[in-house]
Structure formats: structure tokens, C-alpha cells
Amino acid sequence: MRIDLHSHSSVSDGTEPPADVVRRAHAAGVDVLALTDHDTVAGHPEAVRALPPGMTLVRGMELSCRLGGRSLHLLAYLFDPDEPALAAERRRIRDDRAHRARGMVERLGRLGAPVTWEMVQRITGDSVPGRPHIARALVEAGVVPGVEEAFTREWIGTGGRAYVDRYALDAVMAVGLVRAAGGVPVLAHPRADRRGYVFTDEEIARLARVGLAGVEADHPDHTEADRVHLRGLAADLRLFTTGASDDHGTLTGHRLGAETTTPEAYEALLSEATGAKPDRGPAR
């Protein structure tokens, strides 16, 4: 069984609609896929409708959080999407994303970059605007040769000239909210040094004490040494470890199924979920 528990669609910052993500995952041999768009569940209904026979969808979300003054991403699985407290935080984060994106476009204009809000809106479509959309606008305008070059201090990288900070949930609070909604919280890519997501063993242990269920160990941005260390740490903390592609479509090279979760870890996740159940495609 091939299980990929981290993917994105154009509802957040991926490049393909949810139905296409499901179809690509099926073509790549993925049996269980989690759709984990940033701070939204809007893509789930379309993804469920696209499920082919025999394939399973795990409804999830990647929550924008903060720990120790740094950005932290928390994967939330199988929670009740109508639970009021978590739903309210999702709305607050999404509303702030739009405000933040406008602020970055304004700063880019002052820096002489020919990026307009209309360009960003066209690229964003019906999804929530984020830095990847602005990065694509910078590429389109000829300011940078590729998306990665936009995420530097020269432009919209953390602390960069056009960077605008955003609202994010306290990570300890977020773990509690996900648990209260019957969901299962898993720390995303905690050793993704290239993107600035590096958290110490002590910080991960702190989250484990308040309800963290698992750690994403097998991720494209993790070295083999990172993976080995995280598996050992998770075992010590009695957490399960997951693996996932963190696919964003063309932005990450269509890598669905490139990293996978073991069936044992998937069963551990299911055993802790009380807010929702996985969706399965029609019978063969």
C-alpha cells in the first residue's frame, strides 16, 4: 500500500485543482492520499468526487503556526471541519493571508517590481493568495528567473525587502484545537533547513507533551541523517512517523508518491481520529 499524507492543490498553493491531484496520485500508484491545503478544507469535496475505485482520501489541512517566534506548519488530519473554534481560526488565518499578500505587492511596487494585485489575483484564481502566487507573478513579470529566486531576502523570502509577516496560531494552541476537533496533529517537515523549518528535539518534545501525535520524518527536504534522527526521537516520545511528498504540482516537479507512510503509521493515525473518517472511492 502506497500512502502519501501531504499534498496541495490550487485551492491553496499547488498548481492543479483537487480532482487533478487525485488523478495524478492514482496514476502514480498512490492508494491513500491526504489533501492538506494551507489553512483550508475547501478542496475536499472536489477531491472526494474524483476518487477512483479502490483509492482513499484522508481529509487534512496544513495549519500556519508559530513557535519560538518562527513559522511552524502543523498537519491536521480527520478533524471535524465544523468544530467552531478551529473553523474560526481557519477564517482568521485566511483573511490575514489576503491582507498580507496585498502588503507584499505594495512593497514590490515601491521596489520597482512590475507586479500588480491584478496579476496575483489572476494567478491565484479562487484560492487563498500566498507567497507562491506572488513568486509566480515575479517570474511572469521577468523580475526573477524562477520561483525559488523569489524566496530570497532580495524579494519575498523571510525577512526580505518585500516580506510581510502574517498571523499564525501558537503551535501549542493549534495542537489543542486539532485534538478538540477530533483530529490528529502531525508536525510537518521539522528539519527542512532549506526553507527555515528547523525545530529542536526539545521543542518537538514540548509539543508531544500537549498532544502532538506524529512527526513527518520522510520528506523530500530531509537528509537521511535527519530521517534517522527523527525516527529515533519519535520512538522516544511515543509518536508515529509519516512520510509524504508535499507535492505542489509543477512547483515541486509532480512528485506525488515520492515519499510514503508505512501502513502501521497510517493505522496509528486512524486509531486516534474521532472527528472524521477517510473517504473511499466507489466499489470496484
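No more than 12 heavy atoms of other residues, nucleotides or ligands sit less than 6.0 Å from atom CZ of R206. Around atom CD of E154, more than 12 heavy atoms belonging to other residues, nucleotides or ligands sit under 6.0 Å away. More than 12 non-hydrogen atoms from other residues, nucleotides or ligands lie less than 6.0 angstrom from CZ of R122.
Put simply, CG on L75 and CG on L5 are 8.5 Å apart, with the number rounded to the nearest 0.5 Å. Summarising the geometry, atom CG belonging to L108 is positioned 6.5 Å from atom CH2 belonging to W155; distances are rounded to the nearest 0.5 Å. Once rounded to the nearest 0.5 Å, the distance linking OG of S245 with NE2 of H8 reads 8.5 Å. How far CG of L256 is from NE2 of H254: 8.0 Å, rounded to the nearest 0.5 Å. Annotation: the span from M1 atom CE to T260 atom OG1 amounts to 11.5 Å, rounded to 0.5 Å. Atom OG1 of residue T158 and atom CZ of residue R70 lie 12.0 Å apart, to the nearest 0.5 angstrom.
Hydrophobic clustering keeps I156 apart from M119 (ILVMFWY residues linked when any side-chain heavy atoms are closer than 4.5 Å, directly or through intermediates). Taken together through direct or relayed side-chain contacts under 4.5 Å among Ile, Leu, Val, Met, Phe, Trp and Tyr, F79 and V58 form parts of separate hydrophobic clusters. Cluster membership check: L207 shares its hydrophobic cluster with L74, using side-chain heavy-atom separations under 4.5 Å among Ile, Leu, Val, Met, Phe, Trp and Tyr. A chain of hydrophobic side-chain contacts below 4.5 Å, direct or via other Ile, Leu, Val, Met, Phe, Trp or Tyr residues, connects I93 to L67. Under the 4.5 Å side-chain contact rule for hydrophobic residues, L212 and L86 share a cluster.
Between the side chains of D37 and S9, a donor-acceptor pair is found at a separation under 3.5 Å.
One N or O on the side chain of H133 and one on the backbone of G130 form a donor-acceptor pair closer than 3.5 Å. Judged purely by atom type and a 3.5 angstrom limit, R161 has no side-chain atom pairing as donor or acceptor with the backbone of L111. Put simply, the side chain of D80 never gets that close to the backbone of A181: no donor and acceptor are under 3.5 Å apart. Listed for the T15 side chain is a donor-acceptor partner under 3.5 Å among the backbone atoms of T250. Distance alone, capped at 3.5 Å, is enough to place a donor-acceptor pair between the R179 side chain and the G211 backbone. One N or O on the side chain of D226 and one on the backbone of T223 form a donor-acceptor pair closer than 3.5 Å. Not a single donor-acceptor pair under 3.5 Å links the side chain of T124 to the backbone N or O of S127. Under a 3.5 Å cut-off, the side chain of E46 and the backbone N or O of G43 do not form any donor-acceptor pair.
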**Prompt:** Is there a side chain to side chain contact (heavy atoms under 4.5 Å, CB included) between D39 and L63 once you walk through the steps?
**Reply:** CA-CA 5 Å; D39 308 307; L63 265 175; 3.7 Å; yes
**Message:** If you apply the rule salt bridge (charged side-chain N to carboxylate O under 4.0 Å, His left out), what do you find for D96 with R166, and how did you get there?
**Reply:** CA-CA 7 Å; D96 184 72; R166 64 179 175 180; over 6 Å; no
**Request:** Just do the side-chain hydrogen bond (donor to acceptor under 3.5 Å, both in side chains) check on E259 and H222 with the steps written out, would you?
**Result:** CA-CA 11 Å; E259 306 279 358; H222 287 174; over 6 Å; no
**Message:** Assess the residue pair T252 and D246 against the criterion (side chain to side chain contact (heavy atoms under 4.5 Å, CB included)); give the C-alpha distance rounded to whole Å, side-chain angles, the decisive distance to 0.1 Å, and a yes or no.
**Reply:** CA-CA 8 Å; T252 52; D246 195 1; over 6 Å; no
**Request:** Apply salt bridge (charged side-chain N to carboxylate O under 4.0 Å, His left out) to the pair R131 and D13, showing each step before the final yes or no.
**Result:** CA-CA 8 Å; R131 280 194 296 169; D13 58 347; over 6 Å; no
**Message:** side chain to side chain contact (heavy atoms under 4.5 Å, CB included), that's the test. Do I204 and L230 meet it? Break it down for me.
**Reply:** CA-CA 10 Å; I204 296 172; L230 288 168; 4.2 Å; yes
**Message:** Applying side chain to side chain contact (heavy atoms under 4.5 Å, CB included) to L35 and H44, what does each step give before you reach the verdict?
**Reply:** CA-CA 7 Å; L35 182 62; H44 293 162; 4.0 Å; yes
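Nearest heavy-atom pair across G103 and V164 is C-CG2, 3.8 Å. In terms of heavy atoms, P278 sits closest to L78 at N-CD2, 3.8 Å. When every heavy atom of V22 is checked against every heavy atom of P52, the shortest pair comes out as CG1-CD, 3.9 Å. In this structure, V32 and V30 approach most closely via the heavy-atom pair O-CG1, 3.1 Å. The minimum heavy-atom distance linking G249 with R24 is given by the pair CA-NH2, 3.7 Å. When all heavy atoms are compared, the tightest approach of V184 to V178 is N-CG1, 3.7 Å.
Between D20 and R23, at least one side-chain N (NZ, or NE/NH1/NH2) sits under 4.0 Å from a carboxylate O, which counts as a salt bridge. In this structure, R191 pairs ionically with D201, as a charged nitrogen and a carboxylate oxygen lie closer than 4.0 Å.
If you run side-chain hydrogen bond (donor to acceptor under 3.5 Å, both in side chains) between Y167 and each of E89, R100, R97, H99, only E89 comes through.
The closest side-chain heavy-atom distance from L270 to Y77 is not below 4.5 Å. At a threshold of 4.5 Å between non-hydrogen side-chain atoms, the residues V215 and F199 do not count as touching. Residues V41 and R59 are not in side-chain contact: their nearest non-hydrogen atoms beyond the backbone lie 4.5 Å or more apart. The side-chain heavy atoms of V143 and P114, taken from C-beta on, include a pair separated by under 4.5 Å. Looking at heavy atoms from C-beta onward, L251 lies in side-chain contact with R136 at the 4.5 angstrom threshold.
Using cut-offs of 30° and 60° for the angle between ring planes, the H219 and H189 rings count as perpendicular. Ring pair H38/H248 is tilted by interplanar angle, where 30° to 60° counts as tilted.
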